[in-house]
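Worksheet: the structure to be examined is printed underneath.
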Amino acid sequence: MKLFTKLTLFITLSKMAIAILFVLLLPFLVEDIAFRYNDNYLKEQKKKVLSVIWKNGIDAYLQGEENYGSYTMLKEEYISMEPAGNARLPDTIATLQRVVEGDTLTYRVLSHIFTYQHNRYMLEVGKKTATISQYNRPLQKVALYVLFGLIVLTTLADLIFTRLLLRPLGVIISTRLVNRKFPFKDHVPSIKTSTTDFRYLDDSLVELMGKINEAFEKEREFTSNASHELMTPITILQNKMENLIAEDSPDEELQRKIIGMMKTLHRLKKIVHSLLLISRIENDQFPKTDDVSPYLLLTELMEELEHRLEDKQLQFNMRLSREIVLHHLNHDLIFQLVYNLLNNAIKYNVPQGQITVSDRVLPGEMYQLIISDTGIGIGEHEIGAIFDRFKKVARTELEGYGLGLSIAKTITQYHGIEISVSSAIDKGSTFIVSFPLV
């Protein structure tokens with residue numbers, strides 16, 4: 001999963017968690033705020049009543065009576081005043097029930113004891129709880145709308161900021177890793193970013209690629225030079241041995257040993273030729289300007305391999321389209337690629353086995369050449385290493401030095417095509433080479 005996707009999920013889920021928590025707590029929060037606001041309202045009403053009493057006297061309310069009581073038309077609010085006697089109670093605000101004209105109603109009541117002209121009075125200011133809570137639901141709706149709007153806006157802002165923040169990382173991945181082809185010869189300018197971590201990552205990747213490229217160049221130079229230097233003594237030894245065999249030597253045992261030595265030299269010469277070919281491919285010494293017809297290429301190949309098929313009594317089946325033409329390739333290298341695959345299919349096949357070459361066109365402009373055999377197969381643990389140089393499947397004493405498939409892999413990498421293999425022991429192998437049709 002990409003980093004941007006993970007951050008998007010985290011931002012979305014965290015916002016959802018906050019929203020769910022807020023929705024669960026909202027009724028309690030709104031109710032608490034409503035009651036706090038009402039308590040302040042009751043305190044203001046108390047101040048107003050006391051202000052009238054200090055200004056106009058208590059008779060402004062009692063009017064000669066011992067008690068005073070007043071309430072609004074819908075009984076939503078009331079004010080009462082009565083003698084308090086010797087009771088000494090602190091000011092309280094509580095939810096209490098009161099009987100008003102025979103109706104028992106629940107009020108939020110502020111109780112206050114005050115002294116006026118040496119007489120103590122109990123003042124109560126109340127407001128019906130139903131009135132206090134009547135705006136709770138509308139307030140909750142408004143709060144939810146505001147919360148939803150804020151979540152949407154902040155989520156969009158977070159996603160935009162995250163995308164902008166991670167853009168240099170995406171550029172680093174696409175330019176330094178995904179779209180780079182080894183060896184790294186093209187120069188890519190440094191990433192423009194104000195984030196120190198991304199700049200450090202970019203510089204580190206550039207330095208690492210430089211070291212890898214330098215090491216690869218040294219290895220490639222060594223392979224090329226060593227191969228060239230080996231060819232001279234090998235050729236000299238081969239010529240001397242041929243001259244010895246050509247002489248009329250009575251010692252047959254000596255001739256037999258010389259012939260064995262020549263076979264070993266011949267194998268060594270093949271290895272050196274293969275290393276030289278790999279070195280030339282890696283040094284871009286082959287143009288990629290040819291148009292190749294797979295059908296004609298396989299027909300040409302079978303003319304060279306037909307005698308080997310007959311020697312091993314192998315049945316060869318070719319089912320290729322005659323219309324397909326592949327562009328921007330090197331004919332000789334593609335010939336060598338398919339030759340190596342067919343050569344292995346013959347070498348490691350069973351007597352009277354089969355080899356099938358077919359093709360198919362996949363959606364997305366992709367052409368696949370498929371080479372299947374009924375040979376000894378490759379173990380699952382060995383498939384990952386068959387394209388390594390000097391790696392040989394150790395199931396037969398047949399001649400082989402692990403460079404055929406390595407050359408095939410080098411050719412596919414040079415052309416930007418893909419090669420894959422599926423195999424099982426004693427069930428044969430299938431190699432698939434995928435070419436772009438564009």
Side-chain angles (χ1 to χ4, degrees), residues 263 266-267 269-278 280-281 285-361 367-378 386-387 392 396 398-412 414-415 417-421 423 428-435 437:
K263 288 182 179 180
H266 178 68
R267 295 172 185 173
K269 193 172 183 179
K270 287 177 62 178
I271 294 174
V272 174
H273 274 299
S274 298
L275 290 175
L276 279 172
L277 177 60
I278 292 174
R280 289 182 62 198
I281 295 172
Q285 295 182 12
F286 291 90
K288 293 179 283 189
T289 57
D290 299 331
D291 295 332
V292 178
S293 167
Y295 178 82
L296 295 179
L297 182 73
L298 263 297
T299 303
E300 182 182 354
L301 269 169
M302 294 320 300
E303 293 177 358
E304 293 192 14
L305 296 173
E306 187 175 4
H307 67 283
R308 294 190 59 195
L309 293 171
E310 293 176 354
D311 291 344
K312 210 166 184 178
Q313 297 181 346
L314 299 177
Q315 181 181 352
F316 181 78
N317 303 308
M318 186 172 73
R319 298 190 293 271
L320 296 178
S321 172
R322 301 192 179 199
E323 291 78 20
I324 296 294
V325 177
L326 305 173
H327 307 285
H328 308 298
L329 302 174
N330 183 280
H331 179 275
D332 294 337
L333 291 182
I334 299 301
F335 183 94
Q336 185 68 44
L337 164 66
V338 181
Y339 178 89
N340 288 354
L341 297 179
L342 285 174
N343 182 57
N344 279 356
I346 296 173
K347 182 189 297 184
Y348 298 110
N349 216 322
V350 296
Q352 300 180 350
Q354 292 184 358
I355 297 176
T356 302
V357 180
S358 59
D359 63 358
R360 62 189 175 195
V361 178
Y367 171 81
Q368 289 187 334
L369 181 67
I370 306 167
I371 300 175
S372 302
D373 63 65
T374 57
I376 61 176
I378 306 169
I386 61 173
F387 295 109
K392 179 185 176 184
T396 174
L398 292 172
E399 181 180 317
Y401 297 89
L403 284 176
L405 290 180
S406 178
I407 292 174
K409 184 66 174 180
T410 304
I411 293 173
T412 58
Y414 178 69
H415 285 90
I417 57 183
E418 296 180 0
I419 184 170
S420 60
V421 58
S423 182
S429 304
T430 299
F431 286 82
I432 300 177
V433 186
S434 301
F435 300 82
L437 284 176

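Counting from 1, the numbers follow the sequence of the chain as shown.
- The nearest pair of heavy atoms linking Gly375 to Asn349 is N-OD1, 3.4 Å.
- Looking at every heavy atom in both residues, Lys312 comes nearest to Lys347 through NZ-O, 2.8 Å.
- From Leu298, atom CG reaches atom CG of Leu320 across 5.0 Å, with rounding to the nearest 0.5 Å.
- Contacts of Ser293 classified as side chain to side chain donor-acceptor pair (under 3.5 Å), with partners at least two apart in sequence or in another chain: none.
- Remark: Leu333 CG to Phe286 CZ distance equals 5.0 Å, nearest 0.5 Å.
- Across every non-hydrogen atom of Asp291 and His328, the tightest pair is OD1-N, 4.1 Å.
- A donor-acceptor distance shorter than 3.5 angstrom exists from the side chain of His415 to the backbone of Asn330, with no hydrogens or angles considered.
- Note: Gln368 CD to Ile417 CD1 = 11.5 Å, rounded to the nearest 0.5 Å.
- You'll find the side chain of Ile334 stays beyond 4.5 Å of the side chain of Asp290, heavy atoms only.
- Sorted by first and then second residue, the pairs that involve residues 334-343 and meet side-chain hydrogen bond (donor to acceptor under 3.5 Å, both in side chains), not counting sequence neighbours, are Arg308-Asn343, Gln336-Asn340.
- You'll find the side chain of Phe316 reaches within 4.5 Å of the side chain of Leu342, heavy atoms only.
- For Glu323, the side chain to side chain donor-acceptor pair (under 3.5 Å) criterion is met by Ser321, not counting sequence neighbours.
- For the pair Phe431 and Leu405, the minimum side-chain heavy-atom distance is below 4.5 Å.
- Under the 3.5 Å distance criterion, the side-chain polar atoms of Ser358 are left unmatched by any main-chain donor or acceptor of Arg319.
- Listed here is the closest heavy atom pair of Leu314 and Ile355: CD1-CD1, 4.1 Å.
- Residue pairs satisfying the side-chain hydrogen bond (donor to acceptor under 3.5 Å, both in side chains) criterion with at least one member in residues 295-307, sequence neighbours excluded, are listed as follows: Tyr295-Arg322.
- Taking CD1 from Ile386 and CD1 from Ile419, the interatomic distance works out to 7.5 Å, rounded to the nearest 0.5 Å.
- In summary, the side chains of Asp373 and Tyr348 do not present any donor paired with an acceptor at a separation below 3.5 Å, with no hydrogens or angles considered.
- To the nearest 0.5 Å, the span separating CG on Leu301 from CG on Leu341 amounts to 10.0 Å.
- Taking the six-membered ring for Trp and thresholds of 30 and 60 degrees, Phe435 and Tyr367 have ring planes inclined between 30 and 60 degrees apart.
- Residue Ile370 holds its CD1 atom at 8.0 Å from OG1 of Thr430, rounded to the nearest 0.5 Å.
- Taking all atoms of both residues into account, the shortest heavy-atom contact from Ser429 to Ser423 is OG-OG, 2.7 Å.
- For Thr356, there are no side chain to side chain donor-acceptor pair (under 3.5 Å) partners, not counting sequence neighbours.
- Remark: Glu310 pairs with no residue by the side chain to side chain donor-acceptor pair (under 3.5 Å) rule, at least two apart or across chains.
- Partner of Leu369 under the side chain to side chain contact (heavy atoms under 4.5 Å, CB included) criterion, chosen from Leu297, Val338, Leu326: Val338.
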